[in-house]
There are 2 protein chains.
Amino acid sequence: MVKVTPVPAAETRATVTSDAVLDAALTLFARFGYHGTALSQIAEMLGVRTPSLYNHMRSKQELLRSIVDRTTSGVLADFQTATDGLTDPVERLRSASLVYALRHATHRREAIVVNRDTASLDEPHRTELQDRRREHEHALRQIISDGVEAGVFQVDTPALASFAIREMCVSIARWFREDGPLPPDQVAEQYSRFALRIAGCTRDSAT
Amino acid sequence: MVKVTPVPAAETRATVTSDAVLDAALTLFARFGYHGTALSQIAEMLGVRTPSLYNHMRSKQELLRSIVDRTTSGVLADFQTATDGLTDPVERLRSASLVYALRHATHRREAIVVNRDTASLDEPHRTELQDRRREHEHALRQIISDGVEAGVFQVDTPALASFAIREMCVSIARWFREDGPLPPDQVAEQYSRFALRIAGCTRDSAT
DNA sequence: CCTACCGATCGGTAGG
DNA sequence: CCTACCGATCGGTAGG
């Protein structure tokens, strides 16, 4: 007797991977929050029972940690790539805010979780997250300070402009819809222009 | 025998009010999130046992609802007061963004809860909240559209500028510290200027 | 991958 | 205001 269906039949045991668990967690954490999501919901979304999840993760907390680690690393890597080789503060700010805005249109779930569920992270990871955020914030602030000193930006308090630009970009994750009228790159383009305006960019071509 | 101490001694039964419960909930929801806060924590902060809370509220959900209702009403009232009688789009945007920014520096806990724990609100209140938010967003967007039509603002997509301005202001609640270098009104002042810049305000005095 | 089960904690109620 | 207590659900483990 030969098996008739080499491909899995309609009813078969579900098989799951670590990535699938992480992706389901990402979706549900973004929607209901870390504490608002039960492991049973993640299991249900994957078609398995709750205990089966433990073959692919160590704990619920570890899922959150993985999401946060991945995302913050990505943000810093984006920044480096975007500003590497650029010396003009205007071009550096334009490029840094463009990739930051773009990321928040294309990685919405990650951004929502990282920015909403920070407090649910156990130590020492919560402190590590804050440190990495600060690193990005200070790097952006430095660009603004450099631009002010060079006379191409005009702001009273560089820290305020830095906060404003960052959070404005982060918030894209909250309102952006994939079926909306503008694609991610066009949103990012406009937000990058907003960033230069916030910085008080005096160069005509910039705005 | 006469009572020796007419004023409460050091050890006395705690007495609590509805406002005190709401205030404690506000503090803890802002810190740990709605699902991350247990009623036992609220009770502990007030020095009573959990069941005693039910003399001052109907449910945990009602606490969230009260916080949200109060805050959204305040936002819309602020907007009306700030823009009433003003016809110039520049002045309207300056004033609307000023009070919005100021509110988020002075009502941080409320802003954090309303913007983070929306998903934890039961229907029909979640829909009501979204409606009120949309109302404020559209009012701000209309100012920008009016300004573009009048030739005093320059933006490609008024909706994007409106989102950017709103979320930039909301985020003040996340980074502002009362013991920081700038008082709320000075932060609001600078953010109001950022708002005019985002709108591409062409009037010199504005920025 | 599953069933069976654990202690802990949750929001909320009864009754005084 | 309290103690005593409820059913439900949580994250996680044992064992196959």
Side-chain angles (χ1 to χ4, degrees), chain A residues 7-29 31-68 113 117 119-123 125-126, chain B residues 5 7-29 31-68 113 117 119-123 125:
Chain A
V7 290
E11 285 297 338
T12 187
R13 259 198 179 187
T15 297
V16 147
T17 63
S18 301
D19 279 351
V21 173
L22 212 56
D23 193 71
L26 202 42
T27 296
L28 292 169
F29 287 174
R31 187 154 169 194
F32 302 113
Y34 178 75
H35 287 299
T37 301
L39 289 181
S40 61
Q41 292 176 272
I42 297 176
E44 191 186 17
M45 176 173 269
L46 296 168
V48 299
R49 304 288 183 174
T50 306
S52 301
L53 295 177
Y54 286 85
N55 293 310
H56 308 288
M57 58 164 212
R58 263 199 275 270
S59 67
K60 188 185 180 186
Q61 181 69 208
E62 191 209 43
L63 289 177
L64 180 58
R65 193 156 56 234
S66 298
I67 291 168
V68 168
V113 172
D117 293 322
S120 302
L121 253 191
D122 287 347
E123 292 293 5
H125 306 92
R126 184 164 67 244
Chain B
T5 48
V7 292
E11 285 298 340
T12 187
R13 261 195 178 189
T15 297
V16 147
T17 63
S18 300
D19 280 352
V21 174
L22 213 56
D23 193 72
L26 203 41
T27 297
L28 292 169
F29 287 175
R31 189 154 168 194
F32 303 113
Y34 178 75
H35 287 300
T37 301
L39 289 181
S40 60
Q41 292 176 272
I42 297 176
E44 192 185 15
M45 177 173 268
L46 296 167
V48 299
R49 304 286 183 176
T50 306
S52 301
L53 295 177
Y54 285 85
N55 294 311
H56 309 289
M57 60 164 211
R58 265 200 273 271
S59 67
K60 186 186 181 187
Q61 180 70 206
E62 192 209 42
L63 289 177
L64 180 59
R65 194 156 55 234
S66 299
I67 291 168
V68 168
V113 172
D117 292 322
S120 302
L121 252 191
D122 286 347
E123 291 293 5
H125 306 93

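Chain letters run A, B, ... following the sequence lines, proteins first, then strands; residues in each count from 1.
Across the strands present, D/dG16 finds its partner in C/dC1; the criterion is a Watson-Crick or G-U wobble pair with both atom distances under 3.5 angstrom. Of the nucleotides present, C/dG11 is the one that pairs with D/dC6 by Watson-Crick or G-U wobble criteria, both distances under 3.5 Å.
Between the A/Tyr34 side chain and the A/Ala119 main chain, no donor and acceptor come within less than 3.5 Å of each other.
The residue A/His35 sits apart from the nucleic acid: no heavy atom pair falls under 4.0 Å. Backbone-only engagement by A/Thr15 is indicated by non-hydrogen atom pairs under 4.0 Å involving sugar-phosphate atoms exclusively. Here B/Ser59 lies in heavy-atom contact (under 4.0 Å) with sugar-phosphate atoms only.
Between B/Arg65 and B/Glu62, none of the side-chain N atoms (NZ, or NE/NH1/NH2) sits under 4.0 Å from a carboxylate O, so this pair counts as no salt bridge.
Screening A/Leu53, A/Ile42, A/Leu39 against A/Lys60 for a side-chain contact (heavy atoms from CB on, under 4.5 Å) leaves a single residue, A/Leu39.
A heavy-atom distance below 4.5 Å is not found between the side chains of A/Leu63 and A/Arg58. Looking at heavy atoms from C-beta onward, A/Ser120 lies in side-chain contact with A/Leu64 at the 4.5 angstrom threshold.
Summarising the local packing, CD of A/Gln61 is surrounded by more than 12 heavy atoms from other residues, nucleotides or ligands at distances under 6.0 Å.
Remark on DNA chain D: of its neighbouring residues A/Ala38 and A/Asn55, the 5'-side contact belongs to A/Ala38, judged by nearest-heavy-atom nucleotide. Residue order along DNA chain D, read from the 5' end via each residue's closest nucleotide, puts B/Val48 first among A/Met57 and B/Val48. Both B/Thr37 and A/Val16 lie near DNA chain C, and the one whose nearest nucleotide falls closer to the 5' end is A/Val16.
On the nucleic acid side, DNA chain C contacts chain B at distances under 4.0 Å to non-hydrogen atoms, with the end points of that region at C/dC10 to C/dT13.
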